[in-house]
Amino acid sequence: MRVSVALFTADLRTHDNPVLVAALKDAERVVPLFVVDTGIRRTGFVVPNRAAFLADSLADLDAALRARGGRLVVRVGDVVEETCRVAAETGAAVVHIAAGVSRYAARREERLSVELAGDRRELRVHADSLTAVPPGALTPMGEDKDHFAVFTPYFRRWEGFSVRGVLPAPDAVPVPDVGSAGLPRAQSLASGPTSPGLPAGGESEARRRLRSWLAGPLSAYDDHHDDLAADATSRLSPYLHFGCLSPTELLHRARGQDNPGAHAFVRQLAWRDFHHQVLAARPDAADHDYRPRHDRWRQATEEIEAWQEGRTGYPAVDAALRQLSHEGWMPGRARLLAASFLVKTLYVDWRVGARHFLSLLVDGDIANNQLNWQWVAGTGTDTRPNRVLNPLTQARRFDPHGEYVRRWLPELRNLDASMIHRVPHLDAAARADLGYPAPIVDLDTAAARFRAAKE
């Protein structure tokens, strides 16, 4: 009886899963395996919000496999050691895994390949599982470069790439007799409180949200995705991060609607692939400047704490940080606003902000989070490194009636639209009456400081 292992990582789904499909094609029985990797836990990347979402997703995946006659096999420990142990116990000749793009994932695949080969087993890595276009599939023509460093030429090539078709979920998943540690609870993965507004994880919830998104809101995405009060983004990013939803399926489904909203949304999927191909080629960009600008970042402990807690005195910035704390999520425009305030207004190292986001974001993805922060900081792929987003201008443009601010800052809920974005200009007595803090920095002072630092 031939046995193979489908090692789940960031692809916690049964629909359109190349790893699971290939493993079933290889053998008569398959071990759907997830290893609670103690190596990742030691890095500090597993935080309460993502741990809770992961626990939900694993339970949902187990239920989906059981509906097909199988189950999820869970082990705890070093992912390489545990995978090799399962392969030896079941006599599996091949292990299938989705290709990761982080430095940690690359090392994990290298170690796993070596260890399996030493036992006369094979590792097959699938590059078309976590992104629609595999990292490395597109490179600049006529140049000796291994990735695109600018989005626009990448997007032109990306649009013409022949994306594979969507794979159906298997009808049956026969699993051999093998021991399992049981499904982990969130608290066993990472202790600590979760955000009260955290979404439920899992493929079932992902597909429910996908159906709802495609049924209507997608068509208006182009007009409203930057409207902070409208809450008009898909909120599918956590499900993409954990692989509860396939980016390939999402791309095909979005392209099936020929309207401006769908076209704008497809562009965002391309940005996700773009960041993954950058990190795959330059894994050090997770913590080093992609394009060093020799910034002399400020050490500003009190200002950083005020930013983290949503006490900057700038309502739209504070609303964004409070939403992050409550939901473990923010829309893209809020992320840009909050990030620009930290790195361009306060002139604080982008890594400080990236770490804070990763401590709370349920969709905390190394490629997207770190490279978006670098884009804002001017150390990444942005061709305008000195771009500054004025927090007051941004607030008036993307929350003109103050609805987003009032939603997250109850102390300002009685202010009308004409006043809410003028709060930073109020005198101390008026702010005290509102119970709202004074601005931690004057924008003119911040702009002069930024210009001086760049000279």
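Sequence positions, counted from 1, serve as the residue numbers for this chain. Since this is a predicted model, take the numbers as computed values, not measurements.
- Between Tyr154 and Phe151, the ring-plane angle classifies as tilted under the 30° and 60° cut-offs.
- The closest donor-acceptor contact from the side chain of Asn17 to the backbone of Asp11 lies under 3.5 Å.
- Just one residue in the list Asp62, Asp60, Val31 forms a side chain to side chain contact (heavy atoms under 4.5 Å, CB included) with Leu72, and that residue is Asp62.
- Side-chain polar atoms of Thr379 and Gln374 form a donor-acceptor pair below 3.5 angstrom.
- In plain terms, the two heavy atoms of Val166 and Glu249 that are nearest each other are CG2-CA, 3.8 Å.
- Checked for salt-bridge contact, Asp399 and Arg407 miss the test: no charged N lies under 4.0 Å from a carboxylate O.
- Ionic pairing of Arg85 and Glu82 is present here: one or more N-O contacts between side-chain nitrogen and carboxylate oxygen are shorter than 4.0 angstrom.
- Within a 6.0 Å radius of CZ in Arg397, other residues, nucleotides and ligands contribute 12 heavy atoms or fewer.
- A side-chain donor from one of Trp329 and Ser237 sits under 3.5 Å from a side-chain acceptor of the other.
- Figure legend: Arg291 and Trp350 shown without cation-pi pairing, the cationic atom not lying both under 6.0 angstrom from the six-membered ring centre and within 45 degrees of its axis.
- Under the 4.5 Å side-chain criterion, counting only non-hydrogen atoms from C-beta, Pro331 is in contact with Leu228.
- Using a distance-only test at 3.5 Å, with no hydrogens or angles considered, a donor-acceptor pair links the side chain of Thr43 to the main chain of Ile40.
- With hydrogens and angles ignored, the 3.5 Å screen pairs no side-chain donor or acceptor of Tyr221 with any backbone N or O of Ala264.
- Using a 4.5 Å cut-off on side-chain heavy atoms (C-beta onward), Arg235 and Glu327 make contact.
- Side chains of Asp231 and His224: no donor on one and acceptor on the other come within 3.5 Å.
- The only option from Trp307, Phe341, Trp297 that meets the ring-ring contact (aromatic ring centres under 6.0 Å, His included) definition with Tyr347 turns out to be Trp297.
- Between the side chain of Arg2 and the backbone N or O of Asp26 there is at least one donor-acceptor pair closer than 3.5 Å.
- Within the 3.5 Å criterion, the main-chain N or O of Gly202 finds no donor-acceptor partner in the side chain of Asp56.
- Asp363 places none of its side-chain heavy atoms less than 4.5 Å from the side chain of Leu240.
- Formation of a donor-acceptor pair under 3.5 Å by the Asp273 side chain with backbone atoms of Val133 is found in this model.
- A side-chain donor from one of Arg333 and Gln394 sits under 3.5 Å from a side-chain acceptor of the other.
- Looking only at atom types and distance, the side chain of Ser219 has no donor-acceptor partner in the side chain of Asn259 under 3.5 Å away.
- Closest non-hydrogen pair, Ala87 versus Val5, comes out as CA-CG2, 4.5 Å.
- By the 4.5 Å heavy-atom criterion applied to side chains, Phe161 and Pro134 are counted as neighbours.
- Of all heavy-atom pairs between Leu189 and Pro184, the closest is CD2-CB, 4.0 Å.
- The shortest distance between side-chain heavy atoms of Phe53 and His241 does not fall below 4.5 Å.
- Aromatic ring centroids of Phe265 and Trp213 lie under 6.0 Å apart.
- Nearest heavy atom pair, residue Asp318 against residue Arg311, reads OD1-N, 3.3 Å.
- Rounding to the nearest 0.5 Å places CZ of Arg108 at 13.5 Å from OG of Ser113.
- In Asp171, the CG atom is not crowded: 12 or fewer heavy atoms of neighbouring residues, nucleotides or ligands sit closer than 6.0 Å.
- Remark: the backbone N or O of Asp349 is not paired with any side-chain donor or acceptor of Asp295 at under 3.5 angstrom.
- Residues Ala132 and Leu251 share a closest heavy-atom pair of CB-CD2, 3.8 Å.
- Residues Val79 and Leu112 are not in side-chain contact: their nearest non-hydrogen atoms beyond the backbone lie 4.5 Å or more apart.
- Of the possible polar contacts, one joining the Thr90 side chain to the Val86 backbone as a donor-acceptor pair under 3.5 Å is found.
- Residue Ala338 comes nearest to Leu321 through the heavy atom pair CB-CD2, 3.4 Å, listed as atom of the first residue, atom of the second, then distance.
- Residue-environment remark: CG (Asp119) exceeds the threshold of 12 foreign heavy atoms within 6.0 Å.
- Salt-bridge check for Asp289 with Arg351: passed, with a basic side-chain N closer than 4.0 Å to an acidic carboxylate O.
- Electrostatic pairing of Asp16 and Arg164 counts as a salt bridge here, judged by a charged N lying under 4.0 Å from a carboxylate O.
- Put simply, the side chain of Arg68 gets close to the backbone of Pro170: a donor and an acceptor are under 3.5 Å apart.
- Ring centroids of Trp271 and Phe274 are separated by less than 6.0 Å, placing the two rings close together.
- Counting only heavy atoms from C-beta outward, the side chains of Arg272 and Gln268 never approach each other to under 4.5 Å.
- For the pair Arg384 and Asp382, the salt-bridge criterion is not met [side-chain N within less than 4.0 Å of a carboxylate O].
- Put simply, the side chain of Asn49 never gets that close to the backbone of Leu361: no donor and acceptor are under 3.5 Å apart.
- For the atom pair CG of Leu20 and CG of Leu65, the computed distance is 7.0 Å after rounding to the nearest 0.5 Å.
- Within a 6.0 Å radius of CZ in Arg293, other residues, nucleotides and ligands contribute more than 12 heavy atoms.
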